[in-house]
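Report on the following structure.
Proteins get letters first, then strands, A, B, ... in listed order; numbering begins at 1 in each.
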Amino acid sequence: MSKPFFITTAIDYTNGAPHIGHAYEKVLADVIARFERQKGEKVFFLTGVDQHGQKVQQSAEKAGVSPQEYVDGVTAKFRALWEKLGVRCDAWAATTDALHKECVRANLRMLWDDKVPGTDRSRWIYKKTQRGFYSVRQEQFLTDKERGPDGEFGPEWQPVEEREEENFYFRLTAHPDLGFDPKQWLLDLIDRRSEELKPFVLPVFRVAELRNAVEKLEGDLCISRPAARLQWGIPFPESFGEGFVTYVWFDALVNYITFAPGHDPHYSERSSTEKSPGLYFSDYWPALHVIGKDIMIPAHGVYWPIMLKALGFSDEEMPTLLVHGWWNIRGKGGESEKMSKSLGNVVDPDVLADKYGAAAVRYYLMSDIATGRDADFSEERLVQRYNVDLANGLGNLVNRTLNMTRKYREGRPHPMEVLDGDFAQHLDSNSEEMLHFVTDMDQAQIQKGLEQMISVVNRANALVDSSAPWKLAKDPEQSDRLDAVLGTLIQSAQLAATMLLSVTPEAAAEILRQLNLPPVVLSDKRPVTFTLPPDYCCGEPKPVFPRIELPAPETN
RNA sequence: GCCAGGGUAGCUCAGCGGUAGAGCAGGGGACUCAUAAGCCCUUGGUCGGGAGUUCGAUUCUCCCCUCUGGCACCA
């Protein structure tokens, strides 16, 4: 039995409604999780929301509700969307969860109590006073970056005052108290993982980008905010003294531990705790973190591994990052632009799902982008890909296959004892494509995997025309050949539905129901022999992917 | 300025040493089991520009232009 598969997504900030980028990441992780399950792996899929921070606090004030009420409302929107899109997680991470607060504080305590021998100083965390210019309006310290061309701070920052503030810092760079250099350790880790062909970051072209960032790393990470400035967060443990709230990363990133299977924050020994039968933290850890390219540097690629290192995780317990790209929006002039509220081009996945259905949205998001790259979002292409690949392609194949099987054989094609060369070759190609499919999916290349599915469908549709079952049915001497054609088509449809199972689970399952067959068992063996169950009888056809009819474009 | 990833048919992209491929869109044809779907054939490209290495470059090297990220710097 291989190691259980633990997959997470970034947790979304509950400051506004979900957009297509949020949906893409969750569907991607969901598809990978479902695929692993399909292979027979034990899977734990974690997703959730990041609910703390200044912006939430402000949005809540604006809305005239408490921060908790505010995030509960936004969180509900996310959960409803995942429900609608068929994103099924095993655990839901919410940073306002009592369990999480406990875990964050336990981690901070652990680091605070990790003292330099013979002293009272923590090896990892220290307190420092920062003095500088502070924008009251933006509630942040300003750096020279924020100065205008005249060297002054612009009106958007005013009023600006000089202020000093005490905060806690987490070491990222070498220090005598540490006894080693985290930066060098991380560089070595990245290199070693690449050498072992288990890259720390996927796709591999991101590795260099991260390495670069690590090499330039300087300064430590501020992990607190004075409670006077930020109320909506997790208070530091008492041993740190009064008046500090956890600042973003030691809160948000920790969710991966809090909600990991088998984790119990009340025990300090993570590796041996058991929350519910069969769930051991050490069995599942480390995770595959599915994240967007915007939070690879520095959060997930730099802070997180060093945090884990500080918390006592071994090098073997460092996670892998799967970094995906962005969906850009095509501007009116055809140019590609970033999605942003100010441009008014935000795509609402909720509306999209209502309009076209979850299957169409999921299929589009998985098939029209290469994992890791950016893509241009287009509703037109969504409709096109759905109609061409699913409705006209697979859907129609299933429909015509079942119709012919019922019409010519009352749903019971005779078993094929011997397949002649053509059909054996056809099924062998199917098997070949299944192998490619598994390989592609294993590498999170969902788009490529779906291309294999399309190939299977296309070849089957071509077989219908080249063999013309309607002619075979009129000739008693061709009876065996007709059975072979129908059998080959049924098996092809079964395989295509199997390949679609993780992307559009319900529709694929419906196809298999109509075929009255189970999914093909995914393996690296070739199922070249085709046999239907002894008393096989196919079900009734009913279009699974009805065509999306768009109003004709205005021509004048 | 530095690092990385792009710039290939109308569109989306693949290829990455032997003078170009797929899908969609466009055009033509034969068929009828089917969701007026499907099948077959087909028109499209001086592979961003320039130089070099090579018998030969879209594919390697260098320079330039341009787009996208990231980092830095000036102000």
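Although no hydrogens or angles enter the test, the distance criterion places a donor-acceptor pair under 3.5 Å between the side chain of Arg362(A) and the main chain of Gly86(A).
Salt-bridge check for Lys542(A) with Glu510(A): failed, with every basic side-chain N at 4.0 Å or more from each acidic carboxylate O.
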Pairs: protein N or O with nucleotides 2-8 of chain B N or O, under 3.5 Å:
residue : atom : partner   : partner atom : Å
C3(B)   : O2'  : Asn212(A) : ND2          : 2.6

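Here the separation of C47(B) from A9(B), taken at their P atoms, is 10 Å to the nearest Å. Spacing of P atoms, C24(B) relative to G49(B), comes out at 28 Å, to the nearest Å. With C1' as the reference atom, C2(B) and U8(B) are 28 Å apart, rounded to whole Å. For G56(B) and A51(B), the P atoms lie 15 Å apart once the distance is rounded to whole Å. Taking the C1' atoms as reference points, C11(B) lies 14 Å from G45(B), given to the whole Å.
Across residues 299-308 of chain A, not one residue has a non-hydrogen atom less than 4.0 Å from an atom of RNA chain B.
For Arg381(A), the listed nucleotide lying nearest its side chain is G23(B); candidates were C31(B), A34(B), G23(B). For Lys293(A), whose side chain is taken as the heavy atoms from C-beta onward, the closest listed nucleotide among U35(B), U12(B), G69(B) is G69(B).
In this structure, Pro319(A) and Leu308(A) have side chains that are in contact, with non-hydrogen atoms separated by less than 4.5 Å. Between Gln443(A) and Thr371(A), the closest side-chain pair of non-hydrogen atoms is not below 4.5 Å. Proximity of Phe423(A) to Val485(A): side-chain heavy atoms (C-beta onward) are separated by under 4.5 Å at one or more points.
Glycosidic conformation of G5(B): anti, with the torsion beyond 90° of 0.
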- Task: Summarise how protein sits on nucleotides 37-42 of chain B as a single string, 5' to 3': B when a protein heavy atom is under 4.0 Å from the base, S for sugar-phosphate-only contact, - for no contact.
- Result: SBS---
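Nearer to the 5' terminus of RNA chain B, by closest-nucleotide assignment, is the contact made by Leu390(A) (compared with the other of Pro298(A) and Leu390(A)).
Using cut-offs of 30° and 60° on the angle between ring planes, the pair Trp249(A) and His300(A) is perpendicular.
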